[in-house]
Asks: 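Below you will find the structure I want to go over with you.
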Amino acid sequence: MHKDIEKVLFNEAQIEEIVGNVAEKINNDYGDSEIVAIVILKGSLVFSADLIRRLDMNVQVDFMQASSYGFGTESSGVIKIKKDLETDIRGKHALIIEDIIDSGRTLSLLKEELKKRGAASVKIASLLSKPARRVVDVETEYLGTEIPDEFVVGYGLDYAERYRNLPYIGILKPEVYL
Ligand code: PRP
């Protein structure tokens with residue numbers, strides 16, 4: 001285990017099971033309909049790589065990077081798109097792939113944006129969710145698992161751009177970020 005990790009929350013086998021369950025639901029729902037998997041950089045790259053390999057339909061892959069600026073506890077906010085899709089999403093089934101939902105701002109704004117662009121449908125697959133941190137309600141059609149409000153890293157998730165490469169999801173030792 002990495003010296004900065006206090007505790008492993010999900011090991012590789014547990015992650016594999018969670019990802020498998022998410023993939024199964026997606027396969028059941030979409031059947032043969034082609035989707036555009038929208039990988040939200042950077043955190044979801046590892047989850048996305050594992051998830052799309054378990055999907056049975058035709059899958060196009062594209063990338064977005066965004067940051068949201070909310071206004072207090074209101075559901076309104078502004079999204080800054082740092083990297084945009086290359087795909088014209090109009091008339092296509094968009095599946096947003098995210099590593100974690102925290103306040104919900106990024107995902108609710110992204111979902112709205114893709115609907116505005118005329119996607120045939122927009123759904124979200126998120127590996128993790130911290131319900132205790134939610135400010136904006138966002139419907140998450142495919143959720144891996146809820147987690148407590150702890151500082152988690154690994155399997156794509158970072159702290160100061162580190163730890164994304166850990167194969168497990170762990171809780172960071174407080175002395176690392178305090
Ligand atoms: C994280 C995560 C989501 C967002 C969730 O990304 O991947 O995109 O924050 O937070 P929210 O629900 O409060 O909007 P981050 O901005 O840390 O970028 P990264 O994926 O590049 O690490």
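Whatever order the structure lists them in is the order used to number ligands and atoms, beginning at 1. Values reported hereafter were calculated over all heavy atoms of this structure, with side chains retained and with hydrogens, waters and symmetry mates removed.
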Asks: What I want to know is whether Ser44 and ligand 1 share at least one N or O pair that is separated by under 3.5 angstrom.
Replies: no
Asks: What are the atoms of ligand 1, with element, lying closer than 4.0 Å to any heavy atom of Asp99?
Replies: 2 (C), 7 (O)
Asks: Answer yes or no: does an N/O atom from Thr106 fall short of 3.5 Å to an N/O atom of ligand 1?
Replies: yes
Asks: More than 12 non-hydrogen atoms from neighbouring residues, nucleotides or ligands closer than 6.0 Å to CD on Glu86, yes or no?
Replies: no
Asks: Run the salt-bridge test on Arg117 and Glu113 with the 4.0 Å N-O cut-off and return the result as yes or no.
Replies: yes
Asks: At less than 4.0 angstrom from any non-hydrogen atom of Asp158, what atoms of ligand 1 do you find?
Replies: 22 (O)
Asks: Does Arg164 have a non-hydrogen atom less than 4.0 Å from ligand 1?
Replies: yes
Asks: With a cut-off of 4.0 Å, which atoms of ligand 1 are near a heavy atom of Ile100?
Replies: 2 (C), 3 (C), 5 (C)
Asks: Could you tell me, atom by atom, which parts of ligand 1 come under 4.0 Å of a heavy atom of Leu41?
Replies: 20 (O), 21 (O)
Asks: Which of the atoms of ligand 1 are close to Gly104, meaning less than 4.0 Å from one of its heavy atoms?
Replies: 11 (P), 12 (O), 13 (O)
Asks: With heavy atoms only and a cut-off of under 4.0 Å, state how Glu98 meets ligand 1: side chain, backbone, both or neither.
Replies: side chain
Asks: With no hydrogens and no angle check, do the side chains of Asp29 and Tyr142 hold a donor and an acceptor under 3.5 Å apart?
Replies: yes
Asks: Please confirm whether Ser67 comes under 4.0 Å of ligand 1, counting heavy atoms of the residue only.
Replies: no
Asks: Using heavy-atom distances only, which candidate in Gly156, Gly43, Ser103, Ala66 approaches atom 11 (P) of ligand 1 most closely?
Replies: Ser103
Asks: Nearest 0.5 Å please: distance from the CG atom of Asp102 over to the CZ atom of Arg134.
Replies: 8.0 Å
Asks: Going by distance only, is there an N or O of Leu107 that falls short of 3.5 Å from an N or O of ligand 1?
Replies: no
Asks: What closest approach, in Å, do Ile124 and Glu139 show between heavy atoms, and which atom pair accounts for it?
Replies: CD1-O, 3.7 Å
Asks: Quick one: does Ile40 get an N or O within less than 3.5 Å of an N or O on ligand 1?
Replies: no
Asks: Will you find, in the side chains of Ser33 and His93, an N or O donor that is under 3.5 Å from an N or O acceptor?
Replies: no
Asks: Would you please indicate yes or no on a ring centroid separation below 6.0 angstrom for Phe151 and Tyr159?
Replies: yes
Asks: Salt bridge between Arg164 and Asp99, side-chain N to carboxylate O under 4.0 Å?
Replies: no
Asks: Does Lys123 qualify as a cation-pi partner of Tyr30, given the criterion of NZ or CZ under 6.0 Å from the six-membered ring centre and within 45 degrees of its axis?
Replies: yes
